[in-house]
Peer 1: 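So that we are looking at the same thing, I have put the structure below in structure tokens.
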There are 2 protein chains.
Amino acid sequence: MKRPTIADVARRAGVSKGAVSYALNGQPGVSEATRQRILAIAAEIGFSPSSAARALSGATADAVGLALCRPARILGIEPFFMELISGVEAELSARSYALTLQVVADQEAEIAVYRRWWAERRVDGVLVCDLRTNDIRVPALEELQLPAVVIGGPGHTGTLAHVWADDAAALAEAVEYLVALGHRRIARVGGLPSLLHTEIRTDAFAEVCGRLGLTDAATVWSDYTGEEGARATRRLLSSARRPTAVIYDNDVMAIAGLSVAQEMGLGVPADLSIVAWDDSPLCQLVHPPLTALGRDIPAYGAHAARQLLAVIAGESVGGLQDETAHLTPRGSTAPPRVR
Amino acid sequence: MKRPTIADVARRAGVSKGAVSYALNGQPGVSEATRQRILAIAAEIGFSPSSAARALSGATADAVGLALCRPARILGIEPFFMELISGVEAELSARSYALTLQVVADQEAEIAVYRRWWAERRVDGVLVCDLRTNDIRVPALEELQLPAVVIGGPGHTGTLAHVWADDAAALAEAVEYLVALGHRRIARVGGLPSLLHTEIRTDAFAEVCGRLGLTDAATVWSDYTGEEGARATRRLLSSARRPTAVIYDNDVMAIAGLSVAQEMGLGVPADLSIVAWDDSPLCQLVHPPLTALGRDIPAYGAHAARQLLAVIAGESVGGLQDETAHLTPRGSTAPPRVR
DNA sequence: CTGAAAGCGCTTACAG
DNA sequence: CTGAAAGCGCTTACAG
């Protein structure tokens with residue numbers, strides 16, 4: 001099957017290629033009647049302009065890039081990324097933008113991908129995940145002047161546009177809720193310490209625990225996987241003054257923690273209360289269902305995509321604060337059993 | 001920052017643009033010494049050929065498309081897709097191919113996306129998921145002559161290349177294992193009945209149960225979500241002659257089933273044995289860990305991508321049988337408690 | 001309001 | 001082995 005070109009449309013409409021281009025792109029320079037006729041013919045023969053030809057003529061690539069820097073096993077198990085992607089995609093495809101995805105091994109490789117995308121003119125802009133403190137990707141993108149939106153913050157985003165959520169406030173809400181239930185020994189199993197949002201949560205956890213006079217509050221590090229979450233939980237629950245409540249930085253570790261508690265013969269929530277970040281459907285799959293801090297991740301992705309399209313359009317875009325995660329109490333939290 | 005073009009490289013190397021093109025693409029027509037010099041200069045100034053210009057000159061788009069037809073909530077929670085994507089992506093990026101992702105609402109929308117991609121020359125080929133019986137996407141792709149590899153089968157793939165796994169054999173292995181443990185009343189919670197692989201598993205389940213003389217074997221339908229998996233499990237466990245073992249078509253439903261059993265006061269595995277398909281890390285997160293039918297999904301994706309690149313290269317490619325899922329026994333299966 | 005033409009940055013026959 | 005040139009399919013000033 002031969003692909004129709006703009007010349008085919010022009011010939012059938014009896015106009016020049018230029019006129020077809022104007023008609024399709026909603027530019028002035030063609031009468032309304034002609035425009036309608038051209039549009040009808042284009043639809044009839046199934047014409048869509050070659051994205052390569054458009055991109056080459058100085059127009060945009062109509063594509064946005066997303067590089068993911070996590071190993072496959074973590075990418076697969078965390079609902080976060082797929083939900084984010086589906087939100088990004090929904091916004092992009094509504095504007096006929098394509099999403100180009102690439103998995104990278106580390107930040108250097110990610111920067112190399114950005115350079116290549118830029119040199120190839122393959123994407124009009126990129127979405128940046130997993131922001132770190134003093135992230136080397138930020139100056140690299142600034143230097144390339146490749147439109148970019150950082151998903152994360154606040155802070156450490158340089159001059160780049162970004163969308164962020166107030167994790168500190170959400171964490172404080174969770175701690176205050178546990179304290180209100182009567183908990184005094186609260187621990188937190190954190191995600192990768194190199195990520196900015198982990199650091200923000202760690203600082204917020206220390207701040208709120210200090211403010212509430214909790215002296216036994218400790219953060220232990222993990223990497224978002226179930227194995228590490230389980231290991232961290234075993235360590236916490238084996239300690240002399242074991243916590244009566246644990247907050248996990250993601251749903252997968254929280255579920256692993258629940259399983260460890262059951263394995264150790266501890267009742268949840270009687271002996272141990274559990275709170276998870278990322279209120280994915282996983283949290284409601286287990287028994288008891290997990291109290292979780294959640295927000296609309298597809299919407300977060302959609303907002304980031306919208307910001308990026310604005311940056312690409314040349315608008316001046318700064319930071320956008322997204323909804324703060326809110327706590328949904330379920331069966332995994334209760335007042336601590338008096339011992 | 002100005003993007004370097006082939007002319008910049010040619011000027012600095014003191015050769016024609018054609019020579020640079022030959023050198024970069026490994027074509028004859030340039031001496032080895034010149035080639036090395038050109039390559040060095042290209043690397044030095046960070047030149048990558050414009051993908052648009054390459055695509056327009058009749059070369060390939062160097063991109064492959066993947067349309068996903070599942071709602072965000074299912075896409076997010078099932079590790080399968082993200083694992084598949086990361087495998088696809090690993091293979092593609094090793095050959096400098098980009099992956100273009102689009103989420104679609106239904107098969108008609110998916111076909112429209114294929115038509116647009118084809119007309120826009122945006123991708124060189126596509127990967128097709130979630131094959132159905134008499135799938136309307138197959139003839140549509142055949143008509144477009146858009147290179148495609150179907151991930152699924154056997155059967156119903158028309159003339160398209162495909163990769164598939166023998167789910168019937170894997171299911172038989174699981175049933176035989178349960179029967180060997182002493183189970184006679186085995187149920188199955190199936191996935192979306194419209195999908196071909198669900199149908200294949202259903203037929204295989206009926207066949208092997210018949211062969212082994214299990215008269216109470218029943219398949220109930222679900223949709224891969226935890227809610228539906230839980231509902232189906234409640235129904236099964238409330239029946240007069242409730243099964244002593246259940247096989248679930250995915251990990252998410254199996255975990256939901258485990259949770260329902262616990263909620264109903266049934267011991268797993270003492271009162272109920274559970275087997276899950278898709279041995280993702282989720283299966284080892286719960287307590288007891290789930291016996292599961294698993295295989296290497298990233299590798300499956302990589303094989304599909306490799307097949308697609310072969311089709312794009314014009315090679316004659318048929319069906320490729322991938323590894324059969326194998327059973328990993330864990331704590332969720334045991335001989336049935338005598339009642 | 002319309003047409004003819006240049007140009008985007010490559011690839012690839014075609015001459016030398 | 002190398003260079004000059006056509007052409008891919010668009011967009012967009014530039015004339016009319």
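Chain letters run A, B, ... following the sequence lines, proteins first, then strands; residues in each count from 1. Everything quoted here is computed from the prediction, not taken from an experiment.
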Peer 1: If we ignore hydrogens and angles and just use 3.5 Å, is the side chain of A:H156 paired with the main-chain N or O of A:N134 as donor and acceptor?
Peer 2: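 Yes: the side chain of A:H156 pairs with the backbone of A:N134.
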Peer 1: Quick one: A:R3 CZ to D:dC8 P, roughly how many Å, whole number?
Peer 2: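 So the CZ-P distance, A:R3 to D:dC8, works out to 14 Å.
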Peer 1: When the distance from CZ of A:R35 to P of C:dT2 is rounded to whole Å, what number comes out?
Peer 2: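 It is 10 Å, rounded to the nearest whole Å.
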Peer 1: Can you find a heavy atom in the side chain of B:H162 that is under 4.5 Å from one in the side chain of B:L131?
Peer 2: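 Contact flag for B:H162/B:L131 side chains = no.
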Peer 1: With a 4.0 Å cutoff (strictly under), does any side-chain N or O of B:S16 reach OP1 or OP2 of D:dG3?
Peer 2: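 Yes, B:S16 has a side-chain N/O under 4.0 Å of OP1/OP2 on D:dG3.
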Peer 1: Looking at B:R35 and B:Q27, would you say the former's side chain and the latter's main chain have a donor-acceptor pair under 3.5 Å?
Peer 2: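 Yes: the side chain of B:R35 pairs with the backbone of B:Q27.
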Peer 1: Donor-acceptor check, side chain of B:R12 to backbone of B:A10, threshold 3.5 angstrom: yes or no?
Peer 2: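 Not at all, since once roles are kept as given, no pair shorter than 3.5 Å links the two residues.
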Peer 1: Checking the side chain of B:S48 only, and the main-chain atoms of A:A119 only, is there a donor and an acceptor separated by less than 3.5 Å?
Peer 2: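 Side chain of B:S48 to backbone of A:A119, a donor-acceptor pair under 3.5 Å: no, none is there.
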Peer 1: If the condition is side-chain contact (heavy atoms from CB on, under 4.5 Å), which residues does B:S21 pass it with, not counting sequence neighbours?
Peer 2: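 B:S21: side-chain contact (heavy atoms from CB on, under 4.5 Å) contacts with B:I6, B:N25.
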Peer 1: For B:D62 and C:dC10, what is the distance between atoms CG and C1' respectively, to the nearest whole Å?
Peer 2: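 Atom-to-atom, B:D62 to C:dC10, this comes out as 12 Å.
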Peer 1: Of the listed nucleotides (C:dC8, D:dG7, D:dT2), which one gets closest to any side-chain atom of A:S57?
Peer 2: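 Nearest nucleotide to the side chain: C:dC8.
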Peer 1: Please enumerate all residues that pass side-chain contact (heavy atoms from CB on, under 4.5 Å) together with B:R70, with sequence neighbours excluded.
Peer 2: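 B:R70: side-chain contact (heavy atoms from CB on, under 4.5 Å) contacts with B:I74, B:L75, B:E78, B:F81, B:D130, B:L195, B:Y224.
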Peer 1: Pick the nucleotide of DNA chain D nearest each of B:A119 and B:S31; which residue has the one closer to the 5' end?
Peer 2: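 By nearest-heavy-atom nucleotide position, the 5'-most residue is B:S31.
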Peer 1: Of all the nucleotides listed (C:dC10, D:dT2, C:dG3), which has the minimum atom distance to the side chain of B:V30?
Peer 2: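 Side chain of B:V30 sits closest to D:dT2.
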Peer 1: Within residues 44-56 of chain A, which residues have any heavy atom lying less than 4.0 Å from an atom of DNA chain C?
Peer 2: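 Under 4.0 Å from DNA chain C: A:L56.
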Peer 1: Quick one: B:K17 NZ to C:dG7 P, roughly how many Å, whole number?
Peer 2: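 So the two atoms are 12 Å apart, to the nearest Å.
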Peer 1: Main chain of B:I297, side chain of B:E83: is a donor-acceptor contact present, judged purely on distance under 3.5 Å?
Peer 2: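 Here the side-chain-to-backbone pair does not exist.
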Peer 1: Separation of A:R11 atom CZ from D:dG9 atom P, in whole Å?
Peer 2: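 About 11 Å, once rounded to whole Å.
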Peer 1: If you round to the nearest 0.5 Å, how far is CG of B:L320 from OH of B:Y300?
Peer 2: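 The OH atom of B:Y300 sits 9.0 Å away from the CG atom of B:L320.
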Peer 1: Would you kindly give the CZ-to-P distance between A:R121 and C:dC8, to the nearest whole Å?
Peer 2: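 To the nearest whole Å, that distance equals 11 Å.
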Peer 1: B:R37 has an atom CZ; how far is it from atom P of D:dC1, in whole Å?
Peer 2: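 Whole-Å distance recorded here is 15 Å.
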Peer 1: Just by modelled atom types, is the A:V317 backbone N or O under 3.5 Å from a matching donor or acceptor in the A:Q307 side chain?
Peer 2: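 Side chain of A:Q307 to backbone of A:V317, a donor-acceptor pair under 3.5 Å: no, none is there.
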Peer 1: Can you tell me the distance, in whole Å, between the CD atom of A:Q27 and the C1' atom of C:dC1?
Peer 2: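 Rounded to whole Å, this separation is 14 Å.
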Peer 1: Return each pair, listed once, that meets salt bridge (Lys or Arg N to Asp or Glu O under 4.0 Å) where at least one residue sits in residues 96-109 of chain B; pairs must be two or more places apart or across chains.
Peer 2: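 Qualifying pairs, neighbours excluded: none.
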Peer 1: How does DNA chain C look in dot-bracket notation if pairs are Watson-Crick or G-U with both distances under 3.5 Å, crossing ones as [ ], other-strand ones as |?
Peer 2: |||.||||||||.|||
Peer 1: Within the structure provided, determine whether B:L68 and A:M82 are in side-chain contact (heavy-atom separation under 4.5 Å).
Peer 2: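 Answer yes - side chains close enough.
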Peer 1: Residues of residues 19-26 of chain A with any non-hydrogen atom less than 4.0 angstrom from an atom of DNA chain D: list those, numerically ordered, please.
Peer 2: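 DNA chain D contact set from residues 19-26 of chain A: A:S21, A:Y22, A:N25.
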